[in-house]
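Below: the structure, in structure tokens.
Everything numeric here is computed off the predicted structure, so don't read it as measured data.
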Amino acid sequence: MDEIKESPDYSWFRSTVPLKRIIVDDDDSKVWSLYDAGPKSVRCPIIFLPPVSGTSEVFFQQVLALTGWGYRVISLQYPVYWDLMEFCDGFRKLLDHLQLDKVHLFGASLGGFLAQKFAECTHKSPRVHSLILCNSFSDTSIFHQTWTANSFWLMPAFLLKKIVLGNFAKGPVDPKMADAIDFMVDRLESLNQSELASRLTLNCQNSYVEPHKIKDVAVTIIDIHMRQFHGTRYAAINPAMVSAEELEVHKCHLSSNQDSEDYQ
């Protein structure tokens, strides 16, 4: 049941990467919790945004793997926000606090939607250089719950958890998937009523992503795509960790793409 939670990797992560709590709003009850790992000299890191049921720990395996390759990675847990624009304003303040100009955002489910909305919200003064979206969406109408979005704050925690658990995989799954589901359920149990209600509200309130406002943002669906930025000012990895051969291959790839575009 607790295989991931009790694994050596998780124990190593919790013992070596400190959890930071940051307040950027006037309301001191809004606390961002985050793990910031990897070289602090990198100014364009990868930031992971969790789904409704997730906390800042759920990406610990990705944090360990990517920092081992020289990337700077931030995995965060957002405070209670009831409005998308309120979230975007708070997230912008967090980036300002961390002195980050532009970032790469990885978002899972709700996290992916919030990442897109933040890119949309800041399109006139871009703060998002790329998006990696996992099992995400761009229009909340697909859930057919926009009419109930404003009532989540009234529901008790056990009912909110039941709603979230209803979206988890059912039936036989492979052992690794079962362990992952157990870990996510454990993290879900750590969220209080306000945290769950606010996330479901953001997930379901009537909204969609305006595509023309994020057309200049590099977007990849569920594929870690950071190599395309190696050797540029938007690299999220320590340059010393990138081999000369890989950089040369990357330059050739860019040159080939440019030639193709010029031909078209």
Would a 4.5 Å heavy-atom cut-off, applied to side chains only, mark His104 and Cys44 as touching?
-> yes
Taking all non-hydrogen atoms of both residues into account, name the closest pair between Leu191 and Arg199 and its distance.
-> CD1-NH1, 3.7 Å
Pairwise side-chain contact, Ile46 with Val103, heavy-atom cut-off 4.5 Å (strictly under) | no
Using only heavy-atom distances, determine whether the side chains of Tyr234 and Asp101 contain a donor-acceptor pair under 3.5 Å.
-> no
Within the distance-only criterion (no hydrogens, no angle test), does the side chain of Arg127 pair as donor or acceptor with the backbone N or O of Leu100 below 3.5 angstrom?
-> yes
Min side-chain heavy-atom separation Pro51-Met184 under 4.5 Å = yes
Here the gap from Trp153 atom CH2 to Leu200 atom CG, rounded to the nearest 0.5 Å, amounts to 15.5 Å
Taking all atoms of both residues into account, what is the closest heavy-atom pair of Ser7 and Ile4, and its distance?
-> OG-O, 2.7 Å
Check whether any side-chain heavy atom of Phe152 sits under 4.5 Å from a side-chain heavy atom of Cys204, and report yes or no.
-> yes
If two hydrophobic side chains count as joined below 4.5 Å and joins carry through other members, does Ile163 share a cluster with Leu154?
-> no
Under 3.5 Å: donor-acceptor pair, side chain of Lys30, backbone of Asp26 | no
One should read off an interatomic distance between Thr55 OG1 and Leu19 CG, to the nearest 0.5 angstrom, of 9.5 Å
Is there a salt bridge (charged side-chain N to carboxylate O under 4.0 Å, His left out) between Asp89 and Arg92 once you walk through the steps?
-> CA-CA 5 Å; Asp89 185 55; Arg92 178 185 55 77; 2.4 Å; yes
If we only count heavy atoms from C-beta on, is the Ile23 to Trp32 side-chain gap below 4.5 Å?
-> no
Salt bridge Asp96-Lys93, side-chain N to carboxylate O under 4.0 Å | no
Verify same cluster id: Val42, Ile132 (apolar side-chain graph, 4.5 Å) | no
Determine yes or no for a side-chain-to-main-chain donor-acceptor pair under 3.5 angstrom, with Gln205 supplying the side chain and Trp82 the backbone.
-> yes
Can you name the nearest heavy-atom pair linking Ile22 to Leu98, along with the distance?
-> CD1-CD2, 3.9 Å
Atom NZ of Lys162 with >12 non-hydrogen neighbours under 6.0 angstrom | no
Between Ser33 and Gln77, is there a donor-acceptor pair closer than 3.5 Å when you use the side chain of the first and the backbone of the second?
-> no
Is Leu94 reachable from Val31 through a run of I, L, V, M, F, W or Y residues, each pair having side-chain heavy atoms under 4.5 Å apart?
-> no
Is any side-chain heavy atom of Gln62 less than 4.5 Å from a side-chain heavy atom of Val73?
-> no
Side-chain touch Lys161/Leu188, heavy atoms, less than 4.5 angstrom = yes
What closest approach, in Å, do Val63 and Ser75 show between heavy atoms, and which atom pair accounts for it?
-> CG2-CB, 4.1 Å
Closest non-hydrogen atom pair, Cys134 against Phe106 = CB-CZ, 3.8 Å
Donor-acceptor pair between Ser141 and Asp139 side chains, under 3.5 angstrom = yes
When rounded to the nearest 0.5 angstrom, what is the spacing between CG in Asn167 and OG in Ser53?
-> 9.0 Å
Leu202, Trp147: one ILVMFWY side-chain cluster at the under-4.5 Å cut-off?
-> no
Is a side-chain N or O of Glu195 found less than 3.5 angstrom from the main chain of Asn192, in a donor-acceptor match?
-> yes
Would you call the rings of Phe137 and Phe113 parallel, tilted or perpendicular, where under 30° means parallel and over 60° means perpendicular?
-> parallel
Rounded to the nearest 0.5 Å, the CG atom of Leu105 sits from the CG atom of Leu133 at a distance of 9.0 Å
Sidechain-backbone polar pair: Arg43 side chain, Gln99 backbone, donor-acceptor under 3.5 Å = yes
For atom CE of Met85, is the number of surrounding heavy atoms from other residues, nucleotides or ligands below 6.0 Å larger than 12?
-> yes
Kindly determine whether Ile214 and Val128 satisfy side chain to side chain contact (heavy atoms under 4.5 Å, CB included), including the steps that lead there.
-> CA-CA 9 Å; Ile214 63 171; Val128 180; over 6 Å; no
Between Lys5 and Glu57, is there a salt bridge with N-O shorter than 4.0 Å?
-> no
Rounding to 0.5 Å, atoms CG (Asn238) and NZ (Lys40) come to a distance of 12.0 Å
Indicate the atoms forming the closest heavy-atom contact of Ile74 with Pro45, along with that distance.
-> CD1-CG, 4.1 Å
Any donor-acceptor pair under 3.5 Å linking the side chain of Ser125 with the backbone of Thr122?
-> no
Heavy-atom side-chain contact between Arg72 and Asp36 under 4.5 Å | yes
Heavy-atom neighbours of Tyr10 OH exceed 12 at 6.0 Å | yes
Residues Tyr78, Phe87; criterion ring-ring contact (aromatic ring centres under 6.0 Å, His included); working and verdict = CA-CA 8 Å; Tyr78 13 85; Phe87 166 84; 5.6 Å; yes
Can you say whether the rings of Phe183 and Phe60 are parallel (under 30°), tilted (30 to 60°) or perpendicular (over 60°)?
-> perpendicular
Exactly one candidate in His123, Lys117, Gln116 meets side-chain hydrogen bond (donor to acceptor under 3.5 Å, both in side chains) with Glu120; the answer is Lys117
Would a distance-only check, ignoring hydrogens and angles, find a side-chain to backbone donor-acceptor pair under 3.5 Å from Ser56 to Leu76?
-> no
If we ignore angles and hydrogens, is there a donor and acceptor under 3.5 Å between the side chains of Ser29 and Asp27?
-> yes
What distance do Leu49 atom CG and Leu114 atom CG have between them, rounded to the nearest 0.5 Å?
-> 6.5 Å
Measure up the Tyr35 and Phe13 rings against each other and bin them: parallel (under 30°), tilted (30 to 60°), perpendicular (over 60°).
-> tilted
Do Tyr208 and Phe118 sit in the same hydrophobic cluster, where Ile, Leu, Val, Met, Phe, Trp and Tyr count as joined when their side-chain heavy atoms come under 4.5 Å apart?
-> no
